[in-house]
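Worksheet: one structure, shown below.
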Amino acid sequence: MSTQDPNEYRPSAIEEKWQAIWAERGTNTFTDEELRGAENPFYNLMMFPYPSAEGLHVGNIYAFTGADIFGRYQRLQGKTVFEPIGFDAFGIHSENFALKMGTHPMELIPRNIANFTRQLKRVGLMYDWNHTVDTTDPRYYRWTQWVFLQLYRAGRAEKREAPVNWCPSCHTVLANEQVIAGACERCGSMVEQRILSQWFFKITDYAKRLLENLSWIDWSETTKKAQENWIGRSDGAEVHFPLARRKVADDRHESAQVHAQKPVIPVFTTRPDTIFGATFMVLAPEHPLVDTLTAPGQKAAVEEYRRGVAAMDLVSRKIDKEKTGVFTGGYAVNPATGEDIPVWIADYVLMEYGTGAIMAVPGHDERDFEFATKFGLPIPRVIAASLDDADAPLIAAEAGDGVLVHSGQFTGLPWAEGKQAITKWLSERGLGEARVNYRLHDWCISRQRYWGPPIPIIYCEKCGTVPVPEEQLPVVLPFVADYKPDESGISPLARVEEWYRVACPTCGGEARRETDVSDTFLDSAWYFLRYPSANDQAAPFDPQITAKWLPVNSYIGGEEHAVLHLLYSRFITMVLHDLGHLAFEEPYLRFRKHGLIIKEGSKMSKSRGNVVVPDDYIAQWGADAFRTYLMFLGPYQEGGDFRDQGLVGPFGFLKRLWDTVLPVEELGTEAPGAELERKLHATIRKVGEDVAGLSYNTAVAAMMEYLNAVREGGRGANRSEIEPLVVLVAPFAPHLAEELWSRLGHAHGIFEGANWPQYDPARTTQDTVEFVVQVNGRVRARLPMPRGIPQGEAQAAALADDNVKRFVDGAAVRKVVFVPDRLINLVVG
RNA sequence: GCGAAAGUGGCGGAACUGGUAGACGCGCGGGACUUAGGAUCCCGUGGGUACGCCCGUGGGGGUUCGAGUCCCCCCUUUCGCACCA
């Protein structure tokens, strides 16, 4: 029971020992010179964390360990692996937490980062601590501001008005996620809309490219699908509905005329084939033509409706609810039928999608059907299963396919052809054209908050909007003791006069800084470019280093960032590429999502009290066992269930491996037996393939199986049998592997060289196979047979088996199915 | 509603192109060593059984010599998106 026994497995001791050695030798860190000259570079990226006050979550460790294993495996294959980490520490999350705690974020964040760093180091991740990034450091956000300026210069950033959620009680702007059922998540007051002037990045200009590149980038399919849906391509037509000459409701008898010079209402539709059924139009309440269209008698009602909509928060407006709306009193002309149709406004039409106006086809659109039913508008049928059904009554919207009916010269055309033909017809008459529309919106990057990088813009009375000259960056976020938002609805920076009052960079006159800060997603949209050049004070990223290391070889992260972070960083990369700053336009060659872990069958959360605190487990079992268990508990790309009991399995495995190798002097020197050697080669192959494909759980299982075989019946191991296993386990349990490797007499560290064992494919298979004999598809015998046995011999051997004989029972064999080296199936009777 | 994925022992989970269902681990049972063990090691472990076999991968059909795997219908769960025209 001596605790000083050098052959006892004491994880904490060896883990701390090797962490110190790695730091001292610089095993995982690079100088900038080394980065420039690296051979076989492999950039292994994982999503940097937001350094919360609670410390590292087990979910973070799960994500990082899986990525780290991949990096360590690449390294054991001889690659030079750059594996950086950083801190995504700006944003509303940090700010709200700081407000709650009453501690200033400038004080809180460095503390959290220090704690995270300590925890990350304890896990044994292969990070280059010489190349870290902290988004709140002016040396970093100086270049975030530089990125903004590049977009501004390229005309990809523009300022325009947009609504935001506003909590009248907290005096603050809320993100959509902070609005719960129309109320502020913090105080419960009803949220309102405010219209503010904000900065947008025109990501919609890139919608087509962002969508098309998805066809060739090597990403998790589900992630690509999420982006595809988010970008949301719709093929249809833009159609122009001229305003009717008469605008008043009771002026019904005047015939409609189509005059090209008249103002028109453009609409986007995916179903131009149903245009003959458009019996009314609906505009978003904010639509600019509403005032023109509104008849005097309807003015009061329209105004009231618009006020009601404006008071609503941005989230509840979009939830499906009973249709509401108001008639404007105005009419437009259906360009297909030539008839006047009434124009309504309703909040189910959104200004931000399409043109902010729709042609309503109640017969063939559910929402329009509901609206028409409620307000007594006509619901004609223009699509039917066949011409015979042209007058079948519509009891619900029929959004499916069919043939056109009651559609003038297009009647009888199948739906898809009608779509083409009508679009062509409208376009020949100058009333519309084919159009592709995207669901994707421009990226609003303005935040009326404190904790972010100030947007580098100056407003001058004479010169207008002036970008801060690049040499004047960074625009440093000032220390503001009271950074709480107030009722003005503008950033707390707008209260710091000595900060925002500046001389105009162009004319030197009085000017004012932009007081909004930028979105956290901008910080993370380019961080991977910064890592290799993290120490470069002269440029955001060094051209030579960037050419060598980018794009990223492997990126592993959570699916929750499938659409925002991953899309924004692709967009920023494309813009920087187009501006000549980067040679590539896609940032991540390969992206794989990891799954989420739950605890004992349910989601981990503070309210459930089932949050796994990693430090406790690591203290008890060691980082190696913790890492190995996390990778073992389920398929990495799908996630799994963390059970306290489960940890003892992988711990026991590591301990048995340790006990098998030590003491080294007692290891046998013989060659492995034939069967064990076969298993060794098969295991090397399986673990290599599984790790490369992120199937970590089965890789660990294969190693356990092999160790069990080595130790079967309590036998001791030969060195040649066990030494390769030390290398296979190294990505999972790097400390233990280093220690055993060194005790096995190697002068250099296990990760300093291409130490991954080779296998001989010829030796992965057995000479004897267990051959399955079926009769009529049911297993009746399992017979050992030599590999490569021909069908005739196998059949003879099968028929000689007593049990097989019983089932064949003298009957004629009608058919024989033979699968070489696996199975023979005798069909009788 | 739309989109995606998944339902396998007491539990977490394996199973490549259809070809021995349940690898590996937990738990449980037995044994060894021990004064003792909840430590360690070894062995066993889907259910039933007249010990020949039979039944078993959410439910119901189908294709096939053979289906967890393929096809059709249904049920359940999880995760995205959601009045997107």
Side-chain angles (χ1 to χ4, degrees), chain A residues 1 221-226 228-230 232 234 236 267-271 274 282 284 317-323 346-350 352-361 365-368 370-371 399 437-441 559-560 562-563 595-596 598 600-601 603 629 632-635 638-653 655-656 659 689 695 697-708 711-714 769-782 802-803 806-807 814-828:
Chain A
M1 268 304 285
E221 280 307 313
T222 53
T223 312
K224 290 210 272 190
K225 192 79 196 163
E228 189 187 316
N229 292 341
W230 186 262
S234 295
V267 303
F268 173 73
T269 176
T270 55
R271 296 295 303 271
T274 63
V282 186
R317 157 135 182 208
K318 291 189 193 170
I319 55 170
D320 207 349
K321 55 181 191 297
E322 201 190 332
K323 296 282 175 288
D347 67 355
Y348 80 93
V349 174
L350 308 171
E352 69 220 39
Y353 184 78
T355 61
I358 61 161
M359 65 176 207
V361 184
D365 180 282
E366 256 176 65
R367 297 151 300 178
D368 298 344
E370 198 191 320
F371 193 84
N437 201 55
Y438 296 94
R439 201 192 78 96
L440 183 67
H441 300 326
E559 182 86 324
E560 69 273 18
V563 291
L596 298 176
I598 55 174
E600 318 272 341
K603 204 169 163 178
Y629 175 57
F632 180 66
L633 56 71
E638 276 143 57
D641 194 355
F642 188 100
R643 294 174 173 261
D644 290 348
Q645 287 276 12
L647 239 164
V648 307
F651 176 82
F653 162 65
K655 185 181 175 332
R656 280 191 290 279
D659 290 341
E689 287 172 357
S695 301
N697 56 334
T698 51
V700 174
M703 291 189 281
M704 289 173 165
E705 206 177 331
Y706 177 68
L707 183 63
N708 291 344
R711 293 167 58 94
E712 194 173 18
V769 292
E770 196 183 26
F771 209 88
V772 171
V773 181
Q774 294 182 338
V775 178
N776 288 340
R778 317 212 52 153
V779 179
R780 298 305 175 189
R782 290 160 199 200
D802 283 346
N803 201 41
R806 256 175 17 89
F807 283 90
R814 280 198 297 124
K815 182 176 173 183
V816 178
V817 180
F818 180 74
V819 182
D821 292 335
R822 302 201 76 141
L823 162 149
I824 191 163
N825 184 13
L826 307 171
V827 185
V828 299

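Quick note on labels: first sequence line is chain A, next is B, and so on, each numbered from 1.
- Among B:C43, B:A82, B:A4, the nucleotide with an atom closest to any side-chain atom of A:Trp230 is B:A82.
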Audit row: A:Phe807, A:Val828, side chain to side chain contact (heavy atoms under 4.5 Å, CB included) steps and yes/no = CA-CA 9 Å; A:Phe807 283 90; A:Val828 299; over 6 Å; no
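- Look at CG on A:Asp821: it is 19 Å from P on B:C16, rounded to the nearest Å.
- In this structure, B:G58 is classed as anti because its glycosidic torsion departs from zero by more than 90°.
- Counting distance only, with no hydrogens placed and no angle test, the side-chain atoms of A:Gln774 and the base atoms of B:G19 include a donor-acceptor pair under 3.5 Å.
- Counting any heavy atom pair closer than 4.0 Å across all strands shown, A:Leu633 reaches sugar-phosphate atoms only and no base atom.
- Distance from the side chain of A:Val349 is smallest to B:A85 among B:A85, B:G19, B:G12.
- Among the nucleotides B:A23, B:A4, B:G19, the one closest to any side-chain atom of A:Val817 is B:G19.
- Considering only side-chain atoms of A:Arg439, the nucleotide from B:U20, B:C81, B:C42 that sits closest is B:C81.
- Between A:Lys225 and B:G3 there is no side-chain polar atom (N or O) within less than 4.0 angstrom of OP1 or OP2.
- In this structure, A:Lys655 places its NZ atom 9 Å from C1' of B:A39, rounding to the nearest Å.
- Distances shown here put every side-chain N or O of A:Asn708 at or beyond 4.0 Å from the OP1 or OP2 atom of B:A23.
- Checking B:C42, B:G13, B:G3 against the side-chain heavy atoms of A:Asn229 singles out B:G3 as nearest.
- Among B:C83, B:U20, B:A23, the nucleotide with an atom closest to any side-chain atom of A:Arg782 is B:U20.
- Nucleic acid contact class of A:Arg711 (heavy atoms, under 4.0 Å, all strands): sugar-phosphate only.
- Rounded to the nearest 0.5 angstrom, A:Lys323 NZ and A:Asp347 CG are separated by 8.5 Å.
- Residue A:Asn825 places its side chain closer to B:G19 than to any other of B:C83, B:G19, B:G12.
- The A:Thr698 side chain lies nearest to B:A15 when the options are B:A4, B:A15, B:C16.
- For the pair A:Asp641 CG and B:G25 P, the computed distance is 19 Å after rounding to whole Å.
- With distances taken from any side-chain atom of A:Pro650 to the nucleotides B:C53, B:G25, B:U20, the minimum falls on B:G25.
- Phosphate contact (OP1/OP2 of B:C41, side-chain N/O of A:Arg656, threshold under 4.0 Å): present.
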**Item:** A:Leu707 vs A:Arg656, side chain to side chain contact (heavy atoms under 4.5 Å, CB included): CA-CA, chis, key distance, verdict
**Value:** CA-CA 8 Å; A:Leu707 183 63; A:Arg656 280 191 290 279; 3.9 Å; yes
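- If you take CD of A:Glu559 and C1' of B:A6, they are 15 Å apart, rounded to a whole angstrom.
- Within 6.0 Å of the CD atom in A:Glu366, the count of heavy atoms belonging to other residues, nucleotides or ligands does not exceed 12.
- Using cut-offs of 30° and 60° for the angle between ring planes, the A:Tyr348 and A:Phe371 rings count as tilted.
- Atom-to-atom, CD1 of A:Ile824 to C1' of B:G66 comes out at 14 Å; the value is rounded to the nearest Å.
- For B:C54, one of the phosphate oxygens OP1 or OP2 lies less than 4.0 angstrom from a side-chain nitrogen or oxygen of A:Arg780.
- Considering only side-chain N and O atoms, A:Ser234 lies under 4.0 angstrom from the phosphate OP1 or OP2 of B:A85.
- Using a 4.0 Å heavy-atom distance criterion, A:Phe371 is classed as making no nucleic acid contact.
- Between A:Arg643 and the phosphate of B:G10, there is no side-chain N or O to OP1/OP2 separation shorter than 4.0 Å.
- Listed pair A:Asn803 / B:C53 meets the phosphate criterion, a side-chain N or O lying under 4.0 Å from OP1 or OP2.
- Note on A:Glu770: a base of the nucleic acid sits closer than 4.0 angstrom, heavy atoms only.
- Of the side-chain N and O atoms in A:Asn697, one or more sit less than 4.0 angstrom from OP1 or OP2 of B:A14.
- Picking from B:A23, B:G25, B:U20 the nucleotide with the shortest atom distance to the side chain of A:Glu705 gives B:A23.
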